[in-house]
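Heads up, the thing below is written out as structure tokens.
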Amino acid sequence: MGGLIIFGIVINATITVVLGASGEFPPILVAIMASFSALSILGAIMIGRGQRRLGARMIFIGALPFVPIGLIAVFGAREVLDELKREAFLRKST
Amino acid sequence: MTYELKHRPDGIAGTNLTLGLALTLLVLSAVPIVLAGRGSPTSVVGFIFLAKALMNRNRTVVTLHEDHMEMKAAALASRDFVRYSEIVGLEERSPTKVFAHTGGKRYRLPLIYLGTQDQALLLETLRTHVNTRARDQWAASSSSAS
């Protein structure tokens, strides 16, 4: 799960850097993609610090402009949210 | 005892059809590359379908546990956890459109993604639990009446 998120975020960041370095795209577009990419990275940091739900939702939003390749990070975030749901369900059972 | 019901390979919602569609799109998208040296948008769609087919291949859609079940209709869908004891009834609108009603929520069973035997197993499991619960409630109400 962590691997998918990290891999997805790295790909998103790489795409942003490549687009920015190419010089063929408007700076505003690169800036927007960079901010979404930064949001994903922040989301991953939040997950690492224990705020998993918020972090996963940030990754969802941050990966949107990079779809379809951004779906890799989205899958990782989805797994985090599913795990939270499972924990809440099992806690209710006990 | 836990049963894992996997995504069906055949049928309209099966992975084989998605895979076939993906390969067709990829082959079609190779034509402009070969002829004119230019890429085509259909290659992106082809890769998306290919990713979808490979992800769904052998994916567990429903897990039946002793006292609850887990459902994940699509790879990006959220995972639903439903206790059998919370299911008050099944609404069967068609063979593949069945809803499980709990106190507050209604869950559509992902039957279309399951093979015939798995569909039957899932429905039988839920019907048994619903009928058992109804019978127990009836027994409790008749014993309290008498």
Side-chain angles (χ1 to χ4, degrees), chain A residues 1-12 14-16 18-19 22 24-25 29 33 36 40 43-44 47 52-94, chain B residues 2 4 7 15 18-19 21-22 25-26 29 38-87 100 102-105 107 110 113 129:
Chain A
M1 150 199 2
L4 272 179
I5 290 175
I6 291 169
F7 185 57
I9 288 173
V10 164
I11 287 194
N12 294 350
T14 305
I15 290 172
T16 307
V18 166
L19 290 181
S22 71
E24 291 178 10
F25 294 88
L29 178 68
M33 292 184 79
F36 276 97
S40 295
I47 289 174
R52 290 182 287 168
R53 191 181 306 277
L54 178 61
R57 286 181 178 159
M58 287 169 75
I59 290 173
F60 262 117
I61 296 167
L64 277 175
F66 301 95
V67 167
I69 201 76
L71 288 176
I72 297 172
V74 171
F75 276 114
R78 180 81 263 163
E79 283 184 16
V80 170
L81 290 175
D82 284 348
E83 195 52 41
L84 282 169
K85 230 176 165 182
R86 182 194 304 276
E87 288 169 9
F89 177 78
L90 292 175
R91 227 179 295 129
K92 232 168 74 171
S93 310
T94 54
Chain B
T2 301
E4 288 187 349
H7 200 292
T15 53
T18 312
L19 194 59
L21 197 60
L25 286 171
L26 286 173
S29 65
R38 278 195 340 223
S40 163
T42 50
S43 62
V44 175
V45 180
F47 278 117
I48 291 172
F49 275 107
L50 183 65
K52 186 183 175 214
L54 293 175
M55 274 183 321
N56 282 334
R57 211 172 181 79
N58 253 353
R59 184 176 65 84
T60 300
V61 178
V62 176
T63 307
L64 298 172
H65 296 273
E66 290 282 344
D67 61 340
H68 72 279
M69 66 175 178
E70 297 177 28
M71 295 187 294
K72 192 172 171 77
L76 274 180
S78 71
R79 192 177 290 274
D80 290 322
F81 297 86
V82 186
R83 250 179 234 97
Y84 301 136
S85 57
E86 290 177 351
I87 299 174
T102 63
K105 282 184 89 169
Y107 297 92
Y113 299 112
H129 282 280

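Heavy-atom basis, side chains included; hydrogens, waters and symmetry copies ignored. Within every chain, numbering begins at 1; the chains are lettered A, B, ... in the order of the sequence lines, protein sequences first and strands thereafter.
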Looking at [X], I'd like to know if its [atom1] atom is crowded, meaning that more than 12 non-hydrogen atoms belonging to other residues, nucleotides or ligands lie closer than 6.0 Å.
X	atom1	answer
Lys72(B)	NZ	yes
Tyr84(B)	OH	yes
Arg57(B)	CZ	no

Less than 4.5 Å to any heavy atom of chain B: does that hold for the side chain of Ile69(A), its backbone, both, or neither? neither

State, with a plain yes or no, whether a side-chain heavy atom of Leu71(A) is found less than 4.5 Å away from one of Leu76(B). yes

Taking all heavy atoms of Ala77(B) and all of Arg78(A), pick out the closest pair and write down the distance. O-CD, 3.5 Å

ring-ring contact (aromatic ring centres under 6.0 Å, His included) filter on His68(B), not counting sequence neighbours, yields Phe89(A), His65(B)

Between the main-chain N or O of Phe81(B) and the side-chain N or O of Lys85(A), is there a donor-acceptor pair closer than 3.5 Å? no

Where does Ala75(B) contact chain A at under 4.5 Å (heavy atoms): side chain, backbone, both or neither? both

